[in-house]
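Heads up: numbering here begins at 1 and tracks the sequence. Not measured: the values here are computed from a predicted model. As a basis for the values below, the full set of heavy atoms in this structure was taken, side chains included, without hydrogen atoms, waters or symmetry mates.
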Amino acid sequence: MSIIESHPSIDDAYPTRKAAEAALLYRQDPVVYGGPGDGPIDAATLDSFDRDGFLSVEQLLAPEEVEDYRAELRRLASDPQILADERTVTERGSDEVRSIFEVHKISEVFGQLVRDPRVVGRAGQILGSDVYVHQSRVNYKPGFTGKDFYWHSDFETWHAEDGMPRMRAVSISIALTENFVHNGGLMIMPGSHKTFVACVGETPADHYKESLRGQEIGTPDPNSLSILADKHGIELFTGPAGSATMFDCNCMHGSNGNITPFPRSNVFVVFNSVENTCVEPFSAPAPRPPFIGARDFTPVGD
C-alpha cells in the first residue's frame, strides 16, 4: 500500500475505490472554519477539535428532554407505517430496527432538535457557514442483539457515493441511553481525521441497500487501520443519556456489537456546509437516495 502519498488529481481531491491498492492521503482541507466568537464553543475546545477531530458535551439535553426523545423513539419503532418505510433499516437476519433515516423529516420532535441552537449552532461554528442536513437518523442498538458498525470514515462514503467534494461536514451523536464501556459505544481514533484512507473495491449499483445493514465496500483495509491505530490510539466514549459527541466527517470510527442487557440508542445528524454541496458521485454509478444523502441544500432555519 502507499502511505501518505501525493494527490493525483485536482478534480478529485480524495480519490477512493479507483486503485488496486489502499492508500493514506494527507488531508487538504481545514478542520475548523469558524472562531470562538461564532458560536457556543470556546477557543480551547475548538483547538482540541482541530487536533483530535471531536469534542464532547457532558449534558447537551436535560433529563426531561431525553425522556421526550426516548418516547418518540419508542413511538417510531412501533409504528407499522414507519416500519414499512424504505427509510427504516432492519438488522441482518431479523426484523429489529437498526436505523431510521431522515428522522428530522419523519418526526417533528426530532426536527425541532436539529434546529436547536445548541446543535446547529455548534455545527455552523465549526464549519464557518450556514449548514444544511446531509443526513439524519436514529440508531437503535438493542440489548443482546445490537450489531456492530465496522471502522470507517463517513467522508469516504459521502465523497464516493454522494458526491460531497471536500471535508467540510460535521456529525453529532446525541445519546438517548447511557453509554457504558460495554454496550457498544462509539470509538474514534483521535487525530485520524487528518489522514484520508483511500479504499479499494468498485462500488456496485444500489450499494446502499446492503451497506446500510453492514458495509463492506468502502471500509478501510487492516493495514491502514493498524497504522492509524498505532499512531493515534483509540478512544471509547461513555456518558449519560443527554450527552453528545461531535466529530469531523473524516474521523475513523466504529462501534462494537451489544451483547449486554443495556440498550444503546442515539440520534445522529450530519451537517454539511452550504459551500460544500454535493455534486455527482466520485466513485459510484449514481447518487444514493436523498433520504441517505440529501440533495436539498436549504440551510437549517430557512
Under 3.5 Å donor-acceptor, [X] side chain and [Y] backbone:
| X | Y | answer |
| --- | --- | --- |
| Gln135 | Ile292 | yes |
| Arg168 | Leu127 | yes |
| Ser136 | Val103 | yes |
| Gln125 | Gly35 | yes |
| Ser56 | Thr245 | no |
| Tyr140 | Leu73 | yes |

Without hydrogens or angle criteria, can the side chains of [X] and [Y] be said to hold a donor-acceptor pair below 3.5 Å?
| X | Y | answer |
| --- | --- | --- |
| Thr238 | Asn179 | no |
| Tyr69 | Asn266 | no |
| Asn223 | Ser226 | no |

Should [X] and [Y] be regarded as members of a common hydrophobic cluster, given that ILVMFWY residues are connected when their side-chain heavy atoms come within less than 4.5 Å of each other, either directly or indirectly?
| X | Y | value |
| --- | --- | --- |
| Met252 | Met187 | yes |
| Tyr33 | Val170 | no |
| Val269 | Val138 | yes |
| Val109 | Leu61 | yes |
| Leu236 | Leu225 | yes |

Worksheet item: Can you list the steps and then say if Phe49 with Ile41 is a side chain to side chain contact (heavy atoms under 4.5 Å, CB included)?
Response: CA-CA 10 Å; Phe49 188 92; Ile41 308 172; over 6 Å; no
Practice prompt. Report the hydrophobic cluster partners of Tyr132, with the cluster defined as I, L, V, M, F, W, Y residues connected by side-chain heavy atoms closer than 4.5 angstrom, directly or transitively.
Written response: Val274, Phe297
Item to complete: Step by step, work out the ring pair (Phe, Tyr, Trp, His ring centres under 6.0 Å) result for His253 and Trp151.
Response: CA-CA 5 Å; His253 65 288; Trp151 289 108; 8.0 Å; no
Discussion item. Per the salt bridge (charged side-chain N to carboxylate O under 4.0 Å, His left out) rule, what does the pair list look like for residues 42-60, sequence neighbours excluded?
Written reply: none
Discussion item. Does anything in residues 71-83 form a salt bridge (charged side-chain N to carboxylate O under 4.0 Å, His left out)? List the pairs, not counting sequence neighbours.
Written reply: Glu72-Arg75, Arg75-Asp79
Item to complete: Using the six-membered ring wherever Trp is involved, compare the ring planes of Phe54 and Phe237 and label them parallel, tilted or perpendicular (cut-offs 30° and 60°).
Response: perpendicular
Worksheet item: Do the ring planes of His159 and Phe196 sit parallel (below 30°), tilted (30 to 60°) or perpendicular (above 60°)?
Response: perpendicular
Contact summary for [X] and [Y], nearest pair of heavy atoms:
| X | Y | value |
| --- | --- | --- |
| Thr203 | Ser283 | OG1-O, 2.6 Å |
| Ala175 | Pro240 | CB-O, 3.9 Å |
| Ser171 | Val270 | OG-CG2, 3.7 Å |
| Pro220 | Tyr150 | O-CE2, 4.2 Å |
| Ala160 | Pro281 | O-CB, 3.3 Å |
| Ser153 | Cys249 | OG-O, 3.7 Å |

Fill in: Stepwise side chain to side chain contact (heavy atoms under 4.5 Å, CB included) test for Met164 and Asn276
CA-CA 7 Å; Met164 185 179 290; Asn276 189 44; 3.5 Å; yes
Within this structure, what is the [atom1]-[atom2] distance for the pair [X] and [Y], rounded to the nearest 0.5 Å?
| X | Y | atom1 | atom2 | result |
| --- | --- | --- | --- | --- |
| Asp29 | His193 | CG | NE2 | 11.5 Å |
| Met167 | Cys251 | CE | SG | 10.0 Å |
| Glu102 | Phe291 | CD | CZ | 8.0 Å |
| Asp11 | Phe282 | CG | CZ | 8.5 Å |
| Ile174 | Ser243 | CD1 | OG | 9.5 Å |
| Tyr14 | Gln28 | OH | CD | 5.0 Å |

Discussion item. Run the side-chain hydrogen bond (donor to acceptor under 3.5 Å, both in side chains) test against Arg122 and tell me which residues pass, sequence neighbours left out.
Written reply: none
Fill in: Criterion side-chain hydrogen bond (donor to acceptor under 3.5 Å, both in side chains) on Ser129 and Ser273, from CA distance to verdict
CA-CA 6 Å; Ser129 70; Ser273 168; 2.7 Å; yes
Worksheet item: Hey, mind stepping through Gln59 and Val66 against side chain to side chain contact (heavy atoms under 4.5 Å, CB included) and telling me if it holds?
Response: CA-CA 10 Å; Gln59 189 182 56; Val66 171; over 6 Å; no
Discussion item. Check this for me, if you would: do Arg17 and Glu202 make a salt bridge, where the nitrogen-to-carboxylate-oxygen distance has to be below 4.0 angstrom?
Written reply: no
Are [X] and [Y] side-chain neighbours, meaning at least one heavy-atom pair lies under 4.5 Å?
| X | Y | answer |
| --- | --- | --- |
| Ile100 | Ile106 | yes |
| Asp38 | Ile126 | no |
| Phe101 | Thr88 | no |
| Ile188 | Leu186 | yes |
| Glu235 | Met189 | no |
| Ile172 | Leu60 | yes |
| Ser192 | His232 | yes |
| Leu24 | Ile227 | yes |

Discussion item. Can you list everything that forms a salt bridge (Lys or Arg N to Asp or Glu O under 4.0 Å) with Glu67? Sequence neighbours excluded, please.
Written reply: Arg70
Fill in: Residues forming a salt bridge (Lys or Arg N to Asp or Glu O under 4.0 Å) with Arg295, sequence neighbours excluded
none
Item to complete: Only one of Thr16, Thr219, Asn250 passes side chain to side chain donor-acceptor pair (under 3.5 Å) with Glu156; say which it is.
Response: Thr16
Worksheet item: Is the CD atom of Gln81 crowded by more than 12 outside heavy atoms at less than 6.0 Å?
Response: no
Worksheet item: Under the side chain to side chain contact (heavy atoms under 4.5 Å, CB included) criterion, do Thr157 and His152 qualify, and how do the steps go?
Response: CA-CA 9 Å; Thr157 295; His152 63 287; 5.8 Å; no
Worksheet item: Looking at Phe268, does the NZ or CZ of Arg137 lie under 6.0 angstrom from its six-membered ring centre and within 45 degrees of the ring axis?
Response: yes
